[in-house]
A.B. asks: 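One structure, pasted below without further comment.
All values derive from a computational prediction rather than experimental measurement.
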Amino acid sequence: MKWAVPVSTCPIKGKPYCFHLDHAASLPYFLEKTTFKGRVFMTHATKAIYKLLLSDYVKVSKVSVEDMLYDEQDILRSMDKIEVIDFHQTLEVNGIRFWCYTAGHVLGAAMFMVDIAGVRVLYTGDYSREEDRHLRAAEIPQFCPDICIIESTYGVQLHQPRHVREKRFTDAIHSTISQGGRVLIPAYALGRAQELLLILDEYWSNHPDLHNVPIYYASPLAKRCMAVYQTYINSMNERISNQFANSNPFDFKHISPLKSIENFNDVGPSVVMASPGGLQSGLSRQLFDMWCSDKKNACVLPGYVVEGTLAKTIINEPKEVTSMNGLTAPLNMQVHYISFSAHADFAQTSTFLKELMPPNIILVHGEANEMGRLKQKLITQFADCNTKIISPKNCQSVEMYFNSEKMAKTIGRLAEKTPEVGETVSGLLVKKGFTYQIMAPDDLHVFSQLSTANVTQRITIPYTGAFGVIKHRLKQIYESVESLPDEESEVPAFRVHERVTVKHESEKHISLHWTSDPISDMVSDSIVALVLNISLEIPKVVVESEAIKTEEENGKKAEKVIHALLVSLFGDVKLGGNGNLVISVDGNVVHLDKQSGNVEGENEGLKERVRVAFQRIQNAVKPIPPSVS
Amino acid sequence: MGTSVQVTPLCGVYNENPLSYLVSIDGFNFLVDCGWNDHFDPSLLQPLARVASTVDAVLLSHPDTLHLGALPYAMKQLGLSAPVYSTEPVYRLGLLTMYDQYLSRKQVSEFDLFTLDDIDSAFQNVTRLTYSQNYHLFGKGEGIVIAPHVAGHLLGGTVWKITKDGEDVIYAVDFNHRKERLLNGTVLESFVRPAVLITDAYNALNNQPSRRQRDQEFLDVILKTLRGDGNVLLPVDTAGRVLELMLILEQYWTQHHLNYPIFFLTYVASSTIDYVKSFLEWMSDSIAKSFEHTRDNAFLLRHVSLLISKSELEKVPDGPKIVLASMASLEAGFSHDIFVEWATDAKNLVLFSERGQFATLARMLQADPPPKAVKVTMSKRVPLVGEELAAYEEEQERIKKEEALKASLSKEEEMKASRGSDNKLGDPMVIDTTTPPASSDVAVPHVGGHRDILIDGFVPPSTSVAPMFPFYENSSEWDDFGEVINPEDYAVKDEDMDQATMQVGDDLNGKLDEGSASLIFDTTPSKVISNELTVQVKCMLVYMDFEGRSDGRSIKSILSHVAPLKLVLVHGSAEATEHLKQHCLKHVCPHVYAPQIGETIDVTSDLCAYKVQLSEKLMSNVLFKKLGDYEVAWVDAEVGKTESGSLSLLPLSTPPPSHDTVFVGDIKMADFKQFLASKGIQVEFSGGALRCGEYVTLRKVGDASQKGGGAIIQQIVMEGPLCDEYYKIREYLYSQYYLL
């Protein structure tokens with residue numbers, strides 16, 4: 001048996017693992033507007049932020065109502081369908097087990113390990129192997145997956161070490177402020193923003209001279225999400241839990257939220273973190289327009305900047321920029337680009353894969369060229385370990401086949417003795433999920449929630465004739481018709497074919513008792529048919545005439561029939577000595593012993609034909625022995 | 001053969017003593033729970049002491065004294081050194097519970113069984129797991145998987161599932177199947193047919209009124225007292241059931257806009273709530289949901305004020321109020337003092353939300369009828385003055401001199417032994433180790449904590465002490481919070497410390513509330529004075545069951561649903577244990593054990609089992625039929641060997657032997673009735689049988705009392721005269737089964 005693992009399609013369940021828009025934004029549409037019937041799992045923190053984030057997205061998106069793929073209501077409904085999973089918690093759906101590991105990247109981000117009948121697939125999603133101020137580094141799973149689906153956002157690039165980046169960041173801000181300038185940090189509301197706030201809050205705590213310089217974060221969304229950050233402390237790293245022992249590190253001491261630009265009193269140096277990160281519009285752009293022409297000010301771009309945004313433009317430090325009201329303004333402020341991106345870089349990816357050594361690697365999420373370079377580099381790195389590296393395009397499905405050895409556990413009565421090679425094992429094979437057990441039917445209820453049943457049937461048939469007649473007739477059909485001892489049942493009774501009991505209940509009725517199974521049902525049907533026939537025959541057939549027929553006569557009759565049938569099959573059938581029959585077909589002669597059924601002769605083919613024919617004729621003519629079932 | 005399993009109770013069988021059991025699986029010894037009671041009687045731990053050193057792992061199920069109270073003592077004194085496993089809340093709230101116990105005890109007695117440091121170091125090697133996390137043990141326990149599952153009762157409460165070779169041993173005590181405000185119900189019922197189930201009989205004889213009714217009565221009696229200008233005292237545990245009570249009160253106060261003040265008073269009240277706020281993922285679905293939707297943390301308490309010392313309570317203006325104070329047993333802690341003060345006023349109410357531990361003041365007061373007067377011991381820690389102080393100082397000085405002398409002697413020996421070797425003579429940090437506590441034991445945590453850290457960092461030889469130190473007079477400055485320290489003095493070691501030690505330091509110095517901190521750092525010489533007095537109990541005493549444990553009836557139905565192959569009963573009065581044992585023998589399974597303390601019972605399953613590989617050839621011929629979660633098929637196979645030498649099943653080369661037909665399935669008469677009715681057949685129940693159509697009757701025979709579990713083979717009798725209907729109904733009946 002083989003398992004196909006569809007990769008680029010969503011087989012059983014969607015499992016968003018991180019709350020960024022590029023991961024979860026289609027979920028309400030997917031859940032509410034498509035035929036998707038599966039289940040969705042998220043970590044607690046992801047679910048809490050998912051709702052806030054998407055509601056915010058719906059509110060601020062400028063698309064007309066008709067073009068909206070989903071609305072607030074869809075989001076709320078989707079919330080009820082989303083189930084939560086905690087890190088390391090193992091869940092099982094249709095026998096497929098899965099659990100998740102910390103992924104770093106953002107709060108609540110998870111890497112999912114899916115175990116299908118022993119074949120393990122790890123999906124990293126966005127992950128980071130570097131521990132920062134609040135997040136743990138992505139864990140190295142305990143088990144090696146058979147397939148590792150891994151992000152390739154940063155391809156072969158390398159990040160600066162964290163402390164270098166942090167130093168550049170705080171130095172840039174400190175020097176700007178000490179010159180009396182203002183610092184603008186355009187940042188996406190969630191994820192890195194919280195990390196930067198932690199850095200700033202800590203830096204301020206350590207530098208009392210800065211205490212009079214205010215820090216603001218101007219994002220209503222970030223403010224709303226702060227409660228989530230303040231709550232899911234246990235999803236963060238040791239550092240945070242140690243700080244939590246003193247006070248909640250997300251209760252910032254030097255940072256306050258800023259509702260809008262109207263509430264902002266722009267006097268003297270300050271640090272403002274504002275969204276959006278691309279400076280397209282909104283508060284970060286308003287502040288940028290206000291501050292860009294003063295060379296004392298600075299703008300720190302802390303993360304990935306999207307192509308085509310103003311943020312991307314100013315990285316190249318042009319002389320002039322166009323402000324929102326369409327006028328051009330000189331760009332005098334300093335621009336710093338310090339990437340705090342929490343995606344794995346090449347060093348992290350390659351050590352992660354080296355630790356895991358998965359036999360199959362599938363690269364996803366990355367720009368095509370970068371992914372190509374990464375693939376090449378990984379191929380050289382894993383050149384001598386037979387690793388398969390694939391980078392499928394969108395909608396291209398990857399099929400892989402795994403031979404999984406199916407093991408069953410034989411338990412209970414069946415397993416009292418371990419069998420030797422060549423012996424047979426018969427029993428119920430019970431499959432639950434991907435585990436197999438073999439057991440005796442009587443043990444079924446012990447080892448599973450299934451139970452077995454016996455159905456006893458009792459049917460009464462009107463019959464007024466002599467009871468003996470039925471018995472006699474049945475004897476012609478069944479070899480085993482046993483009278484039952486009288487003391488058990490006070491009425492005359494006998495047992496047919498060791499299965500069905502016939503009782504003479506009264507002058508007018510007989511009854512049949514048996515335990516249901518296909519053969520017993522058949523036997524009982526034949527008895528019923530026979531009884532009904534006798535009832536019909538009674539007026540005209542003289543019962544005694546049949547009753548007096550001797551055994552001998554029966555035997556003779558049977559022999560005649562056998563002879564006649566053999567003649568019809570083989571033509572030339574003569575009586576030989578010792579009650580043997582001599583059958584000759586096309587010059588080949590065989591001798592058939594009627595008693596034993598032995599056939600002797602030269603022609604093997606004919607011998608076999610005669611043997612089979614004789615057996616079948618015997619079966620048809622003689623009463624059915626009880627062993628036949 | 002199956003996995004060998006032995007259970008040895010160490011404490012808490014045939015009575016309500018703390019829980020502690022030894023479960024040995026193929027020679028790997030689990031200590032499940034390590035409880036103590038509020039009397040802290042070391043004699044209870046005798047059986048544990050005998051086996052402590054052989055324990056390979058400790059599993060904790062609930063964060064209260066009864067389940068983990070003995071951990072610090074056992075680690076310190078009994079040689080228990082195994083790794084401990086628990087959920088995050090059990091770890092954290094358990095730690096706080098022990099702090100509270102220690103501080104309450106210390107306030108009224110020369111408590112010396114363990115110190116705050118012992119608590120810290122005991123909890124230091126706790127591995128925290130999440131619910132349903134399959135944790136694979138390694139080393140000696142290779143092949144064993146442990147997993148905590150939701151138990152209800154207390155936050156983080158755990159039903160432990162220990163699995164080896166596909167056989168489950170489940171330890172489920174104090175579970176609660178009912179969903180509450182704070183917690184979801186247990187998932188115990190989702191486990192079916194485990195090899196061994198260890199459970200308690202604590203509540204086997206109790207039955208509870210409906211939750212709604214109980215809640216209403218609870219609030220009614222409280223409000224009546226408050227409106228009558230009385231105070232309400234709820235003696236509670238430190239961080240367990242009190243959370244549920246607070247939620248009930250909060251909710252009711254919000255709904256009805258009440259403004260009677262509510263106080264939560266333990267030595268660790270504010271840190272308890274701080275931590276609880278971050279445990280949302282361990283709470284009930286409704287709490288999680290409300291947080292997702294409104295970001296309202298259920299433990300942002302609006303009506304409950306958190307207090308950590310009694311003086312704060314005394315500052316509160318007079319008037320009716322509710323105080324939730326630890327300990328629930330009234331043996332120590334704030335609840336004890338408040339009880340003594342309030343008991344004499346008939347207007348007041350003392351409301352017990354749980355049964356008091358055996359032989360405690362709370363238990364005495366819960367007797368029916370309640371005693372008119374009780375004798376209590378009021379103890380107080382007072383600073384030493386006058387002659388006593390002088391005597392004490394003299395004594396200290398003498399001890400120090402002796403120590404210094406001893407130290408210098410041993411130092412000389414040491415010097416002789418390792419002449420010339422650098423033994424950190426000049427290291428000023430080392431000298432510290434000889435600094436004796438400036439006063440009684442109360443001061444130990446401060447200095448001791450410091451010492452611990454040093455030892456963690458670089459272990460100096462125990463004999464390496466400097467002869468010239470220490471100073472005798474403590475000349476440091478003092479303020480409300482204790483000694484004024486210069487943080488810089490401690491800054492150096494921070495850098496050298498690894499994370500683990502840092503945590504201990506933080507736990508100790510950081511999170512403790514100011515009040516308790518003042519107690520810890522309070523190094524003024526002090527002593528405990530006690531006086532016995534008789535308190536006239538005039539106040540109203542009420543007991544209501546807010547224990548959050550499943551009641552007798554539910555326990556029985558859960559047990560028969562889980563239907564373990566073997567059942568071990570622990571923890572519960574002799575009467576309850578015997579009652580439940582008899583019940584289970586009749587209705588659950590034939591193997592029910594209720595061992596005595598120290599008695600080892602062998603619950604190795606007498607199951608035979610062997611593993612075979614299913615060959616592909618065989619499997620391609622097997623047709624499964626689906627039945628709920630299961631798929632079943634009949635197989636006839638020949639045994640062969642694989643290349644690796646294990647057994648494998650191959651298809652038979654000869655025609656398969658015949659076998660008796662098996663009807664697989666379970667029909668419920670009521671469901672079948674519906675089914676027949678939908679097929680247009682007249683059906684009705686009459687005299688225990690199902691009459692179908694005019695003549696045919698169906699009845700189920702056999703042991704009808706056997707509930708759930710499906711422990712027997714169903715017997716169905718179908719009777720009727722020969723007619724078309726008979727065969728039609730038979731056809732329908734067969735359609736409910738799978739014939740194999």
A.B. asks: Is the NZ atom of A:K508 crowded by more than 12 outside heavy atoms at less than 6.0 Å?
C.D. replies: no
A.B. asks: Sort A:V455 into side chain, backbone, both or neither according to what part of it lies under 4.5 angstrom from a heavy atom of chain B.
C.D. replies: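 Both parts, heavy atoms under 4.5 Å.
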A.B. asks: So do A:Q230 and B:N297 actually touch side chain to side chain, heavy atoms under 4.5 Å?
C.D. replies: no
A.B. asks: I want to check something: taking the side chain as every heavy atom from C-beta on, are B:V639 and A:T418 in contact at a cut-off of under 4.5 Å?
C.D. replies: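 No. Closest side-chain heavy atoms not under 4.5 Å.
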A.B. asks: Heavy-atom pairs under 4.5 Å with chain B: which of A:I459, A:V528, A:L512 has the most?
C.D. replies: A:I459
A.B. asks: Does any heavy atom of chain A fall under 4.5 Å from the side chain of B:Y135, the backbone, both, or neither of them?
C.D. replies: neither
A.B. asks: Compare all side-chain heavy atoms of A:L444 with those of B:Y630 and state whether any distance is below 4.5 angstrom.
C.D. replies: no
A.B. asks: Distance from B:L280 atom CG to A:N234 atom CG, nearest 0.5 Å?
C.D. replies: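 CG of A:N234 is found 10.0 Å from CG of B:L280.
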A.B. asks: When you compare the side chain of A:T410 with that of B:L649, does any pair of heavy atoms fall below 4.5 Å?
C.D. replies: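 In short, these two side chains do not touch, never coming nearer than 4.5 Å.
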A.B. asks: Against chain B, label A:Q142 side chain, backbone, both or neither, depending on which of its atoms sit under 4.5 Å from a heavy atom there.
C.D. replies: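 Contact with chain B: side chain only.
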A.B. asks: Side chain from CB out, backbone as N, CA, C, O: work out which of these in A:R224 comes under 4.5 Å of a heavy atom of chain B, or both, or neither.
C.D. replies: both
A.B. asks: To the nearest 0.5 Å, how far apart are CD1 in B:I716 and OG in A:S516?
C.D. replies: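 So the CD1 of B:I716 and the OG of A:S516 are separated by 9.5 Å.
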A.B. asks: Output the option from B:F279, B:Y131, B:Y734 having the highest count of non-hydrogen pairs under 4.5 Å with chain A.
C.D. replies: B:Y734
A.B. asks: Do the side chains of B:W634 and A:P441 get nearer than 4.5 Å, heavy atoms only?
C.D. replies: yes
A.B. asks: State the OH-CE distance between A:Y436 and B:M619, to the nearest 0.5 angstrom.
C.D. replies: 4.0 Å
A.B. asks: Are any of the side-chain heavy atoms of A:T515 and B:F663 separated by less than 4.5 Å?
C.D. replies: no
A.B. asks: Of the backbone (N, CA, C, O) and the side chain (C-beta and beyond), which part of B:A637 lies under 4.5 Å from a heavy atom of chain A, both, or neither?
C.D. replies: both
A.B. asks: In terms of heavy-atom proximity below 4.5 Å to chain B, should A:D80 be classed as side chain, backbone, both, or neither?
C.D. replies: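 Just the side chain, heavy atoms under 4.5 Å.
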A.B. asks: Quick check for you: among A:V425, A:I85, A:D86, A:L91, which has the greatest number of heavy-atom pairs under 4.5 Å with chain B?
C.D. replies: A:V425
A.B. asks: Below 4.5 Å, heavy-atom pairs only: which of B:P721, B:A288, B:A147, B:G640 has the largest tally toward chain A?
C.D. replies: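 Highest number of pairs under 4.5 Å: B:P721.
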A.B. asks: Is there a side-chain contact between B:K277 and A:N248 in this structure, where contact means two heavy atoms from C-beta onward sitting under 4.5 Å apart?
C.D. replies: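 Not in contact.
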A.B. asks: Could you tell me if the side chain of B:E281 sits less than 4.5 Å from the side chain of A:S235, heavy atoms only?
C.D. replies: yes
A.B. asks: Is it the backbone or the side chain of B:L733 that comes under 4.5 Å from a heavy atom of chain A, or both, or neither?
C.D. replies: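 Answer is side chain: those atoms of B:L733 sit under 4.5 Å from chain A.
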A.B. asks: What I want to find out is whether B:E292 reaches A:K51 closely enough, with some N-O distance under 4.0 Å, to be called a salt bridge.
C.D. replies: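 No, B:E292 and A:K51 are not salt-bridged.
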A.B. asks: Among B:L647, B:L652, B:V635, which residue forms the greatest number of heavy-atom pairs with chain A at distances under 4.5 Å?
C.D. replies: B:V635
A.B. asks: Using the rule given for side-chain contact (heavy atoms from CB on, under 4.5 Å), can you reason through B:E719 versus A:T460, listing the C-alpha separation, both sets of side-chain angles and the distance that settles it, and then say yes or no?
C.D. replies: CA-CA 8 Å; B:E719 284 180 317; A:T460 46; over 6 Å; no
A.B. asks: Under the criterion side-chain contact (heavy atoms from CB on, under 4.5 Å), I'd like the reasoning laid out for A:Q457 against B:Y726: C-alpha separation, chi angles, the key distance, then a yes or no.
C.D. replies: CA-CA 10 Å; A:Q457 302 191 44; B:Y726 183 92; 2.8 Å; yes
A.B. asks: For the interface with chain B, which of A:E420, A:E423, A:R413 has the highest count of heavy-atom pairs at distances below 4.5 Å?
C.D. replies: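 The answer is A:E423.
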A.B. asks: If you round to the nearest 0.5 Å, how far is CD of A:Q89 from CD of B:Q133?
C.D. replies: 9.5 Å
A.B. asks: Check whether B:Y738 gets within reach of chain A through its side chain, its backbone, both or neither, counting any heavy atom under 4.5 Å.
C.D. replies: neither
A.B. asks: Quick check on B:K289 against chain A: is it the side chain, the backbone, both or neither that has a heavy atom closer than 4.5 Å?
C.D. replies: side chain
A.B. asks: Do B:F291 and A:V228 pass the side-chain contact (heavy atoms from CB on, under 4.5 Å) test, and can you show the C-alpha distance, the side-chain angles, and the key distance before you say yes or no?
C.D. replies: CA-CA 9 Å; B:F291 181 73; A:V228 179; 4.1 Å; yes
A.B. asks: Parallel, tilted or perpendicular: which one describes the rings of A:F143 and B:H136, with boundaries at 30° and 60°?
C.D. replies: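 Perpendicular: the ring planes of A:F143 and B:H136 meet at over 60°.
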A.B. asks: Among the options B:V664, B:V612, B:T130, pick out the one with the most heavy-atom pairs lying under 4.5 Å from chain A.
C.D. replies: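 That would be B:V612.
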A.B. asks: Is it the side chain or the backbone of B:L650 that comes within 4.5 Å of chain A heavy atoms, both, or neither?
C.D. replies: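 No part of it gets close to chain A.
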A.B. asks: Once rounded to the nearest 0.5 Å, what's the spacing between atom CZ of B:R295 and atom CD1 of A:I49?
C.D. replies: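 Result: 11.0 Å between the selected atoms.
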A.B. asks: Does B:Y275 form a side-chain contact (heavy atoms from CB on, under 4.5 Å) with A:I233? I'd like the steps, not just the answer.
C.D. replies: CA-CA 9 Å; B:Y275 276 112; A:I233 297 293; over 6 Å; no
A.B. asks: Please classify the contact between A:M79 and chain B as side chain, backbone, both or neither, with a heavy-atom cut-off of under 4.5 Å.
C.D. replies: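 For A:M79, side-chain heavy atoms alone lie under 4.5 Å from chain B.
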A.B. asks: Just verifying a value: how many Å separate A:K406 NZ and B:Q613 CD, rounded to the nearest 0.5 Å?
C.D. replies: 10.0 Å
A.B. asks: Is it the side chain or the backbone of B:V622 that comes within 4.5 Å of chain A heavy atoms, both, or neither?
C.D. replies: side chain
A.B. asks: Measure distances from A:L52 to the heavy atoms of chain B and classify the residue's part below 4.5 Å as side chain, backbone, both or neither.
C.D. replies: side chain
A.B. asks: Which atoms of A:I438 come close to chain B, meaning under 4.5 Å heavy atom to heavy atom: side chain ones, backbone ones, both, or neither?
C.D. replies: side chain
A.B. asks: Between B:Y610 and chain A, with a heavy-atom cut-off of 4.5 Å, which part of the residue counts as in contact: side chain, backbone, both or neither?
C.D. replies: both
A.B. asks: Is atom NZ of B:K617 surrounded by more than 12 heavy atoms (other residues, nucleotides or ligands) closer than 6.0 Å?
C.D. replies: no
A.B. asks: Are there over 12 heavy-atom neighbours, none belonging to B:K611, within less than 6.0 Å of that residue's NZ?
C.D. replies: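 Open: at most 12 neighbouring heavy atoms sit under 6.0 Å from NZ of B:K611.
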